[in-house]
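This chain uses plain numbering: 1 for the first residue, then up along the sequence. These numbers were taken from a predicted model, which means no experiment stands behind them. For ligands, and for the atoms within them, numbers begin at 1 and follow the listed sequence.
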Amino acid sequence: MPPWPKNSSKFMKIKKGDTVLIISGKDKGRKSKILQVLSKEQKIVIEGVNIRKKHIKPRKTGEKGQIIETPGPLHISNVKLICRKCGKPIRVGYKIAGGKKFRICKKCSQEI
Ligand SMILES: [Zn+2]
């Protein structure tokens, strides 16, 4: 199997740890870091984005319930990758060198 199957190439442009700009929804305009990539669903979990409140019921009588805030997944079409080099929201290109594939920024042409 090739390391980069054609049908997933669009998705693989975004990786855990990347900084992205949210381009739609209630968190539009925010920039944050990717915490998790859900490749099957083509979704990502971004730090502080799409926050969901989870109510935890008390386990014992006398204990208080808790509310935990966790970021929910967003579809990758709702974000744009921010280039590490030029800091702009960009489209990702690829360069192949020495049998390896690298992501490059289409704006500044730097490897990212
Ligand atoms: Zn760039």
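The backbone N or O of E111 lies less than 3.5 Å from a partner atom in the side chain of K85, making a donor-acceptor pair.
In this structure, the side chains of K80 and K88 stay at 4.5 Å or more apart for every pair of heavy atoms.
Around the Zn ion (ligand 1), the protein contributes the following N, O or S atoms under 2.8 Å, ordered by chain and number: C83 SG, C86 SG, C105 SG, C108 SG.
Under the rule for a salt bridge (Lys or Arg N to Asp or Glu O under 4.0 Å), R91 has no partner lying at least two apart in sequence or in another chain. For S24, the side chain to side chain donor-acceptor pair (under 3.5 Å) partners at least two apart in sequence or on another chain are N78. For the salt bridge (Lys or Arg N to Asp or Glu O under 4.0 Å) test, residues two or more places apart in sequence or in another chain that qualify with K53 are E69.
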Full working for side chain to side chain contact (heavy atoms under 4.5 Å, CB included) between I112 and L81: CA-CA 10 Å; I112 49 168; L81 184 66; 3.7 Å; yes
